[in-house]
Q: 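Have a look at this one before I ask anything.
Only a predicted model underlies this, so the values are computations on that prediction, with no experimental measurement involved. Just so it is clear, the values below take in all heavy atoms, side chains as well, and ignore hydrogens, waters and symmetry mates.
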Amino acid sequence: MKTIDINAKIVEAILVASDEAITQGKLDKCLDEGHQIDLDNTIKYLNNFYEKADRSFFIMKVAGGYLLATHKDYEKFIRKFINRSGRIRLSYAALETLAIISYKQPITHPEIERIRGVNSGGVISTLMERNLVTVKGRANSPGRPLLYATTEDFLKYFGLNSSSDLPRLKELDEIIHGKNNISQKTAEPNPIREEKTDNDQ
Amino acid sequence: MKTIDINAKIVEAILVASDEAITQGKLDKCLDEGHQIDLDNTIKYLNNFYEKADRSFFIMKVAGGYLLATHKDYEKFIRKFINRSGRIRLSYAALETLAIISYKQPITHPEIERIRGVNSGGVISTLMERNLVTVKGRANSPGRPLLYATTEDFLKYFGLNSSSDLPRLKELDEIIHGKNNISQKTAEPNPIREEKTDNDQ
Amino acid sequence: MERKYQINLDTFAGPLDLLLYFIKRDELNIYDIPIAKITKEYLEYLNMMHTLDLQIAGEFVEMASNLMSIKAKMLLPRFAEADDDDIEDPRNELVQRLLEYQQYKEMGKEMKKLEEENISYFHRNPNLTYVDKNIDAKEILHKISLFDILTAFKNVLDKIPDKLIPHGIQLDNVSIDDQTEYLYTFFIKKSKVNFSTVVKTIKSRVVLIVTFIAILEMIKTQQIRIYQADLFEDFIIEKVE
């Protein structure tokens, strides 16, 4: 097989390493002065190669540019693999809602929406489908709205006995601001040691 | 070019579609009854093909399985593309903290600070932001402090197959005689970690 | 002072690191640290930092007092004269800490090498949008840490003024949305549910009416369909996939 064009290899490497679609504009920004790559042509060249070489993947044109994708035939295997390895992520809205429910449980739907400021019905039902959140009775307030709480699975996964074991906001502060747990006897504020890149030693 | 083996194509498709290392066990679970694929051999076959076809990527053994990775030559372009122009290396403080966490995990914040003798909040939060360290439950000790452990991204970052591939914790003897040539007295047996023997970096 | 501090002032990760530096530089025996000498050097270093107007972290000051206290104990005649094994050397604890810390510091250096070897590789980072409904909690939580959840919670709280955090009573709390939600709870395990099951636990008339409207609304928006197995049979509500 012949040595492939260096430009094609650059594009291929970016396609492999980034989850963001590649566009001509974004590609241009990665290249040195004077170095030009015609993206559309390179994609054609690569796709042609993948097809001839009978690979299981190809370059797909999506709304924002090009992405590496697999052929339909392998979807079945991939789905199984991905589900097993937990590649499905919660959306940020779902994470946020899960967080509110974890910390404020048991909590009603209207209360969640008041905290988030947006309609949360869809998100709650996603969380229920995923068995992260469950209904724990009804509130005594008028209308007796359902009360939501996190599931056993949720706590078990994080090795917590109960929701009161969740990290506290104060602890987050300590982590983020590097506040010391060790008694700090002296008054001098502690400069947070920031990441130095490379020095001797 | 000849048609490649269907099994190789299945493995390739999974490699393209997932950021989670593929293992024989995980692969087995994706296949129908009676369908078997020898992962190690298939990887060899694919890597051989990629090399001959002069691709910009290869299959790397890491984090307990195999992952697609790009060759070093494309680092510059990829970094620019994903908008991380400078190589953000870890500071020595972060590395030594990671060393402590990886050997003693799960470990609490105060315990880390006891060993380092210095406030470690800033470092821990950097490590968490980079997803090299995560919270894994709480200790049963008073105050129930959070426990920290390393992540799969940690293995990927250091190119480790498993945490048992970590550099061995050197015997005190070795450090003292080897590095500092200071001491005469024989070092006491290392109380920190006994079971590490293999050193293969 | 013949000592020239050609050291990067900000290089030390902490007091233990600094002490190890002195020990190494002066080729001291770590098991028999000349405590007076090292205390002096240590204090000079702190002084210099002070002179240069650098902030001195609490731990450095704490270590200074620790060193001075060891030094004082060493001067006690009781220790100086005793050959007795059961009198503990006041330096022991410090030595143990230094040795333990040294091990991790060395390992950190090894990890630096690994980092260098691997920093130029990039792993596959697929853009995934596959979603499968039949996955359980564990599989999703795999990628989330408690820290993520806590941070998300904090972000939410940060967005709202304290006063707005609701507590308690609303006048009329039942909405069509609520009841849509309620209906969805039946669809977690199964895709069908009997109408009678849905209304069985509803005591309030208002809630019943709202539930009914919710069902109509859901039919209209094609979230569910409704049918009867036979005339005068119970309604069956089925979720539209």
Q: By a 4.5 Å heavy-atom criterion (distance strictly below it), what part of A:V16 contacts chain C: side chain, backbone, both, or neither?
A: both
Q: Is it true that a side-chain atom of C:Q223 and a backbone atom of C:I215 form a donor plus acceptor pair closer than 3.5 Å?
A: no
Q: Tell me whether A:E51 at atom CD has more than 12 heavy atoms from other residues, nucleotides or ligands lying less than 6.0 Å away.
A: no
Q: Give, for atom CE of C:M218 and atom NZ of C:K239, the distance between the pair rounded to the nearest 0.5 Å.
A: 9.0 Å
Q: Check the pair A:K104, A:E111 against salt bridge (Lys or Arg N to Asp or Glu O under 4.0 Å), reporting the backbone distance first and the verdict last.
A: CA-CA 10 Å; A:K104 296 240 153 198; A:E111 219 174 329; 5.9 Å; no
Q: I'd like to know if the side chain of A:N47 and the backbone of A:F58 have a donor-acceptor N/O pair within less than 3.5 Å.
A: no
Q: So what's closer than 4.5 Å to chain C heavy atoms on A:L15: side chain, backbone, both or neither?
A: backbone
Q: Considering only heavy atoms, which portion of A:S125 lies under 4.5 Å from any heavy atom of chain C: side chain, backbone, both, or neither?
A: both
Q: Select one option (side chain, backbone, both, neither) describing which atoms of A:I124 are under 4.5 Å from chain C's heavy atoms.
A: both
Q: Of the backbone (N, CA, C, O) and the side chain (C-beta and beyond), which part of A:Y148 lies under 4.5 Å from a heavy atom of chain C, both, or neither?
A: side chain
